[in-house]
Amino acid sequence: SLVTVLPDKKNKDETASAQPLVTASLHDSLSTRNELNQHAAVVVQEESPIRIQKKKGESIHLSGTVDQNEKKDDKSEKESEDLWASLALSAGSYNPGSSSKLGYSPAPSMAYSPNGSTAGSPAGAGGNKSSIGSSYSAGIALGMRVAERWVIQSGINYLNTRMSYTSDIISVSSNQAKAFDANYTSQNANSAVTTTSPYQINSTLEFISIPMQAGYLIVDKKLGFQMNAGVATDFFIRNSLQDQSGQVSGFTQGAGSDSPYRSVNWAGLMSTELSYKLARQYRVSIVPGARFLLNSVSKSSPNKSYVMDIGFRFRYILK
């Protein structure tokens, strides 16, 4: 006869309840293993020197994070000086462009008229003007980069040139003797001009100058070097004549239609600039240069002066 064995209901229930526990345990084990694998992968990635280069030049780890140090270095290298303001000072020598005789003679025996002609003696008699004087200027400027290696600069400067020489002619106006510059006919037609004993005269010309220069950056690093060239518009302020000995009074002539000096003059500019970047926003420069007057400052004289100087610039970088 067949005997049928029925499963024990209690054992069946225990097996059914144990199965979810085994499944949960297996799931926990797999999760833990995945976490360990991921942690190991991160450790390997952090220690690995391998980088994936982006198109922009940034480096990233295999995990996809950007290397912050390399990104910072990239940014510093790309920082440029696009706009700046500067304070400029310069000093040098001034040459009037001629050693023409201005009125000193060993035995003065002639009278001069304000237009430079002489009475009783050939025109142009007299002594020599000193060949070299002094010059200095001060001002502010604004510069801007217009291309990778090209910059433009402009601003406003005060320009002062001074000469010393011997003269033996004076102007007499209202019974007062005044210093006189025969070459520049620095007195008006109402003044009587005559000779006197020789005296030392200082002649100072003052201008407000507006330069415009283009510069090419040959070296564009922390240590920079560039070439500059351009023109300047010089607005005449005044000419002052002073007798060093005090024998005669000083005289000052300003600009105007009746002035012997041109109100507006033009000058050519050339210079080199050696600079050093002190910090993110500061750069200092040494600027040797030359200024050539394109026309005579005097309406009656053909002399064209020039200045050779060396300047100092302190630059504040705006951006």
Side-chain angles (χ1 to χ4, degrees), residues 53-59 69-95 97 132-161 207-234 265-295 304-319:
Q53 298 296 326
K54 280 189 173 182
K55 290 182 180 179
K56 293 183 179 179
E58 293 179 349
S59 295
N69 291 331
E70 293 190 12
K71 184 177 179 181
K72 186 176 180 181
D73 292 342
D74 248 6
K75 186 177 179 182
S76 339
E77 288 178 3
K78 291 181 180 179
E79 284 177 351
S80 59
E81 301 169 34
D82 293 331
L83 184 67
W84 64 88
S86 61
L87 174 66
L89 301 169
S90 64
S93 62
Y94 167 70
N95 192 312
I132 297 294
S134 62
S135 168
Y136 72 87
S137 67
I140 56 175
L142 190 67
M144 181 173 65
R145 188 189 296 263
V146 294
E148 184 179 356
R149 290 187 175 272
W150 288 96
V151 299
I152 57 171
Q153 301 179 89
S154 185
I156 183 168
N157 295 330
Y158 168 76
L159 174 64
N160 181 299
T161 62
F207 302 88
I208 291 294
S209 179
I210 300 179
M212 176 63 74
Q213 288 182 286
Y216 180 76
L217 295 162
I218 298 174
V219 179
D220 186 18
K221 301 290 184 181
K222 189 170 186 177
L223 183 67
F225 181 73
Q226 71 185 63
M227 301 289 294
N228 303 313
V231 295
T233 306
D234 298 340
N265 300 275
W266 297 89
L269 306 174
M270 291 186 66
S271 65
T272 58
E273 185 170 348
L274 180 65
S275 64
Y276 180 77
K277 192 170 185 178
L278 296 174
R280 168 64 186 89
Q281 291 184 294
Y282 301 100
R283 184 181 285 272
V284 292
S285 306
I286 296 177
V287 189
R291 161 188 288 266
F292 301 91
L293 205 64
L294 302 179
N295 58 272
K304 297 178 181 179
S305 59
Y306 62 91
V307 170
M308 305 292 290
D309 62 10
I310 184 166
F312 171 81
R313 289 180 185 170
F314 180 79
R315 183 186 298 182
Y316 178 77
I317 301 164
L318 300 173
K319 69 174 186 177

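Owing to the predicted nature of the structure, the values given are computational and were not obtained by experimental measurement. The residues of the chain are indexed from 1 along the displayed sequence.
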task = Looking only at non-hydrogen atoms, find the nearest pair between Ser285 and Ser275 and report the distance.
result = OG-CB, 3.2 Å

task = Taking all non-hydrogen atoms of both residues into account, name the closest pair between Arg280 and Lys319 and its distance.
result = NH2-C, 4.4 Å

message = Tell me the closest heavy-atom pair linking Ser134 and Tyr94, and the distance in Å.
response = O-CB, 3.6 Å

query = Closest approach of Gly268 and Leu294, non-hydrogen atoms and distance?
reply = N-CG, 3.8 Å

ask   = Considering only heavy atoms from C-beta outward, does the side chain of Thr233 approach that of Trp266 to under 4.5 Å?
value = yes

task = Check whether more than 12 heavy atoms from other residues, nucleotides or ligands sit under 6.0 Å from atom CG of Leu83, and answer yes or no.
result = yes

ask   = Charged N to carboxylate O under 4.0 angstrom, Arg315 versus Glu273?
value = yes

key: Interatomic distance, Asp82 atom CG to Ile317 atom CD1 [nearest 0.5 angstrom]   = 10.0 Å

ask   = CD/Glu148 to CG/Asp220 distance, rounded to the nearest 0.5 angstrom?
value = 8.0 Å

task = Kindly write out the residues that satisfy ring-ring contact (aromatic ring centres under 6.0 Å, His included) with Trp150, not counting sequence neighbours, or none if the list is empty.
result = Tyr216

query = Looking at OG1 of Thr161 and OH of Tyr136, how far apart are the two atoms once the value is rounded to the nearest 0.5 Å?
reply = 10.0 Å

message = Using the side chain to side chain contact (heavy atoms under 4.5 Å, CB included) criterion, which residues pair with Met227? Sequence neighbours excluded.
response = Ile218, Phe225, Thr272

inquiry  = I need the Leu89 CG to Leu87 CG distance, nearest 0.5 Å.
reply    = 5.0 Å

key: From CA spacing to verdict: side-chain contact (heavy atoms from CB on, under 4.5 Å), Tyr276, Arg283   = CA-CA 6 Å; Tyr276 180 77; Arg283 184 181 285 272; 5.7 Å; no

key: Ser154 side chain to Pro211 backbone, donor-acceptor under 3.5 Å   = yes

ask   = Can you name the closest pair of heavy atoms from Gln226 and Val151 and give their distance?
value = NE2-CG2, 3.8 Å

ask   = Who pairs with Met270 by side chain to side chain contact (heavy atoms under 4.5 Å, CB included), at least two apart in sequence or on another chain?
value = none

query = Quick one: does Leu269's side chain get under 4.5 Å of Asn228's, heavy atoms only?
reply = no

task = Look up atom CZ in Arg291 and atom OG in Ser209, then write down how far apart they are to the nearest 0.5 Å.
result = 4.0 Å

inquiry  = Could you measure the distance from the CD atom of Gln213 to the CD1 atom of Ile152? Nearest 0.5 Å is fine.
reply    = 11.5 Å

remark   = Correct closest heavy-atom pair for Ala91 and Asp309 would be O-CB, 3.2 Å

inquiry  = Can you confirm whether more than 12 heavy atoms, excluding those of Ile286, are under 6.0 Å from its CD1 atom?
reply    = no

